[in-house]
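Written out below as structure tokens is the structure these notes cover.
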Amino acid sequence: MRAAKENDGDERGIHISGGEGLRLYHQIQELAEELLQKALTHERGKPDTIHLSIEKVKENPVFVPPISIKNHEANTVEGGREVACQLLRNIGISENSIQSALQHMKKPKSIRGAALIDEVSGLRLDQRGDKGVRVSRMDWDVESLRFMQKSDSSLVHQRAIEASALANKVAFYPEVVAELCWSDDPGYTTGYVTGQGIYHRIPCLKESGNASGGRVFFIRHDVQNIEDLIHRLERQPVLIGWEKKAFETMNKRVEV
Ligand code: AMP
């Protein structure tokens, strides 16, 4: 789903909201209603256009076990951003690249996708300009999500569920070293950094009322074929969780 507001001189309009999912045939109506509701009630305003696209996926989805979650604390934007920057440094992202990501995130006009930047030089690697790369065709496996919710109470909110599905799909690709995200919703100030198999949830990454935000994927310096990575981010069907058999074994192990 993609919802936008008209804007003179920009045929795509101003991004209001977007959303994606990967469901079985009988769940499509429910998903379409969820996405429509999101488009119609978004904090960024009433859209002039809503595009809802539904496509049959021919490939079997890959199951991607979720990365672990760590919650951090911060009471000020300065503090929250310092936590994020320090985590990125620890992961090995260069100072140039961190600064380039922060510049991208602070732009007043948010884009509907992510910016892919080199982990060393900080240069933008995708050629998508204001559109960015929109990760799609991912969702939580329902049973795996229920299992995860037992140990992480914040995973009940729709926003947290969607953000973690996206972050897990992105973290699955070895070419992506880390991700930085905070929302462009003026009222939502929590964001995250992922890297080295951990989803770091960080409060206070921007002031309440601020409508800028975005996503940056830090890409390994030696990646040759960026278009191939973009293709997988956009098109490869991924379910976050464990395939039924693996799930049953793991669940038994936990219950014992
Ligand atoms: P949100 O967390 O939905 O408020 O999104 C924050 C920002 O992340 C948006 O402004 C986009 O730049 C980016 N974004 C949202 N959804 C996606 C997606 N599916 N793929 C890539 N980037 C996204």
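Both ligands and their constituent atoms are indexed starting at 1 by order of listing.
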_Taking atom 3 (O) of ligand 1 as the reference point, the nearest protein heavy atom with its distance_ =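 Result: R215 NH1, 4.3 Å.
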
Can you report which non-hydrogen protein atom sits closest to atom 20 (N) of ligand 1, along with the distance?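 Of the protein heavy atoms, V135 N, 2.8 Å lies nearest.
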
Worksheet entry | salt_bridge(R235, E59) N-O dist < 4.0 Å |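 Answer for the salt bridge query: no.
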
Kindly identify the option in R2, R134, K107 whose heavy atom sits closest to atom 16 (N) of ligand 1.
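Looking at heavy atoms only, the winner is R134.
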
Among L116, I111, D185, I16, which one puts a heavy atom closest to atom 12 (O) of ligand 1?
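Looking at heavy atoms only, I111 sits closest to atom 12 (O) of ligand 1.
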
Any side-chain heavy atom of [X] sitting closer than 4.5 Å to one from [Y]?
X: S154; Y: T190; answer: no
X: E34; Y: R23; answer: yes
X: L22; Y: M138; answer: no

Numbering the atoms of ligand 1 from 1, which are under 4.0 Å from a heavy atom of L166?
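Here the atoms of ligand 1 in question are 17 (C), 18 (C), 19 (N), 20 (N).
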
Given that the side chain starts at C-beta and the backbone is N, CA, C, O, which of these parts of V133 lies under 4.0 Å from ligand 1, counting heavy atoms, or is it both or neither?
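The answer is the backbone.
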
request  = Classify the contact between E20 and ligand 1 as side chain, backbone, both or neither, using a heavy-atom distance cut-off of under 4.0 Å.
outcome  =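 The side chain, only.
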
Quick one: does [X] get an N or O within less than 3.5 Å of an N or O on ligand 1?
X: G113; value: yes
X: H15; value: no
X: A114; value: yes
X: D184; value: yes
X: S183; value: yes

Q.
Please confirm whether G214 approaches ligand 1 to less than 4.0 Å, judged on its heavy atoms.
A.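 True for this residue.
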
Margin query: Under the criterion side-chain hydrogen bond (donor to acceptor under 3.5 Å, both in side chains), I'd like the reasoning laid out for Q103 against Q99: C-alpha separation, chi angles, the key distance, then a yes or no.
Written below: CA-CA 6 Å; Q103 288 311 316; Q99 292 312 318; 5.1 Å; no

- Cluster link V133 to W182, ILVMFWY, side chain under 4.5 Å: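 Not linked; separate clusters.
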
Taking CZ in R146 as the centre, count heavy atoms belonging to other residues, nucleotides or ligands within less than 6.0 Å. Is the count above 12?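 Atom CZ in R146 is not packed in, count stays at 12 or less.
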
Residue D222 excluded, over 12 heavy atoms near CG under 6.0 Å: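 Yes, enclosed.
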
Original post:
So R89 and Q86, side-chain hydrogen bond (donor to acceptor under 3.5 Å, both in side chains) or not? Walk me through it.
Top reply: CA-CA 5 Å; R89 282 182 207 116; Q86 197 49 50; 2.7 Å; yes

